[in-house]
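The structure appears below as structure tokens.
Whatever order the structure lists them in is the order used to number ligands and atoms, beginning at 1. Position 1 is the first residue of the sequence, and the numbers go up from there. Worth knowing before you read on, the calculation uses all heavy atoms, side chains too, and leaves out hydrogens, waters and symmetry mates.
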Amino acid sequence: MTQKLPADFLWGMATASYQIEGSPAVDGRGPSIWDTFSHLPGKTLDGLTGDVATDSYRLRKQDIELLKAYNVKSYRFSISWSRIIPLGGRNDPVNEKGIEWYSDLIDELLEADIVPFVTLYHWDLPQALHDRYGGWLNKAEIAADFVNYARLCFERFGDRVRYWLTFNEPWCISILGYGRGVFAPGRSSDRARSAEGDSRTEPWIVGHSVLIAHASVVKLYREEFKSQQHGVIGITLNGDMALPWDDSEECRQAAQHALDVAIGWFADPVYLGHYPPFMRELLGDRLPTFTDEETKLVHGSSDFYGMNTYTTNLTKPGGDDEFQGNVEYTFIRPDGTELGTQAHCRWLQTYPEGFRALLNYLWNRYKTPIYVTENGFAVKDENTMPLEQALKDTDRIEYFQGNCEALLKAINEDGVDLRGYFPWSFLDNFEWADGYQTRFGVTYVDYATQKRYPKDSAWFLVNWFKEHIEPPSKSSGEPATSALNNTAPNGHL
Ligand code: PNW
């Protein structure tokens, strides 16, 4: 018998505001740290920015038509904070035009029977808050402003949104933004890169602020909105599987250290109530401590586990990169073979067994229902191929086929409570510091014309989910596919 996914399994495609919207100054939007950063010389590949991106602010209706053609059940997008509060702060004016745009998007998705899955923060902090008090470096101020922004979103969109994500990938926000200095705001101890910053302390301070801001917003939602709006809210963490390079105890330990810093840094406080002991060992008093009150606030502050994952690393002890737990990563096995197919990005190879192993690791450790909110592959050199060739994206299909089969087994054979899957990304888009050469889309975007062309992988996914999701049972009242009536997942949520 072929294995199936439950009728209410949520699958869809994902994007983020700054990566697709463009129109940075239209309808009163204020600048974000990514506008500033991407316009500085030398920060992004080819010096490119999100000024136009996939022009999705203007092409919203067209994009929704394409989502309909793909028959997705859900669409994950993020709200640009500075579109709806241009200066970002709790005493700053609200921009009704920006609110209207997202409100229309939500209405149009619901009309198309597509469930909105909304991220509040996908890295585009209002520049004014960075200038005013240092943004994420100032825990008390940023938490209060983030709560105010989230409240506005719940008030204005929460009657129609059942799935909320507070943050996308706090590890990336902290380490890439304040440690390595490769993402906005680009702070680092490396003075060749940045005039300001302290990579030894700031990432851990920022991570702590993000956890407090996240948990404060979840508290607000649960206390003031959940009983009327019936949604679920959680955080989404990046994290790739780490497997020991060989079967030595040292490599096994290295794998756990890698997971502790990549995932446990945020997941342990949220689901277990404390930072991983290894991080305290690694960082000493550079890692902030939670007050008792903060521990209470943070512990249990996510209704589900939002999982962004791309690859698997083989781990050996060594190196002095504390951002990956003083662990060395490789894709080359002891026998010299490579783990899988190489993507355009150095850090990404296919490895479905690792994806299944990570689902099991997270389920066993945190015992919380999982939504895979990002998973995807950038085909090597896709950007320089003729269009017809780029559309035949067999490496991406291989990647998704492997991971889809893996998730099916994780659910049916391993008993993992996995409730949704969102390939990254709906469209090729602005890949941050990597500009536009790295294409993660299942839809090709010709940036000269802004025309969209479905790649073969898009149709692969469409057909795969059509074949594998059980039809809604006739006995249950509401059809499971009705977006408006899609209630919160049941169980202990
Ligand atoms: C995620 N790394 O970021 C983001 O959520 C997306 O916005 C992004 O487009 C996508 O993955 C693809 O990169 C990451 O260096 C950025 O390991 C960098 C890394 C991982 C994830």
Lys73 NZ/CZ over Trp11 ring centroid, <6.0 Å and within 45° of normal: no
Does ligand 1 have any N/O atom under 3.5 Å from a protein N/O, and what are those pairs and their distances?
| from | atom 1 | to | atom 2 | distance (Å) |
| --- | --- | --- | --- | --- |
| ligand 1 | 3 (O) | Glu169 | OE1 | 3.1 |
| ligand 1 | 5 (O) | His122 | NE2 | 3.3 |
| ligand 1 | 5 (O) | Asn168 | ND2 | 2.9 |
| ligand 1 | 5 (O) | Glu169 | OE1 | 3.3 |
| ligand 1 | 5 (O) | Glu169 | OE2 | 3.3 |
| ligand 1 | 5 (O) | Glu374 | OE1 | 2.9 |
| ligand 1 | 5 (O) | Glu374 | OE2 | 2.8 |
| ligand 1 | 7 (O) | Gln19 | OE1 | 2.7 |
| ligand 1 | 7 (O) | His122 | NE2 | 2.9 |
| ligand 1 | 7 (O) | Trp432 | NE1 | 2.9 |
| ligand 1 | 9 (O) | Gln19 | NE2 | 2.9 |
| ligand 1 | 9 (O) | Trp424 | NE1 | 3.1 |
| ligand 1 | 9 (O) | Glu431 | OE1 | 2.6 |
| ligand 1 | 11 (O) | Tyr310 | OH | 3.2 |
| ligand 1 | 11 (O) | Glu374 | OE1 | 3.3 |
| ligand 1 | 13 (O) | Glu431 | OE2 | 2.5 |

Salt bridge present between Glu322 and Arg286 (N-O < 4.0 angstrom): yes
Atom CZ of Arg333: over 12 foreign heavy atoms under 6.0 Å: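 Correct, the count exceeds 12.
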With Arg439 via salt bridge (charged side-chain N to carboxylate O under 4.0 Å, His left out) - residues at least two apart: Asp428
Distance-only donor-acceptor hits, side chain of residues 256-267, under 3.5 Å, sequence neighbours excluded:
| from | atom 1 | to | atom 2 | distance (Å) |
| --- | --- | --- | --- | --- |
| Gln256 | NE2 | Asp260 | OD1 | 3.0 |
| Gln256 | NE2 | Tyr361 | OH | 3.1 |

Partners passing ring pair (Phe, Tyr, Trp, His ring centres under 6.0 Å) against Phe422 (at least two apart in sequence or in another chain): Phe117
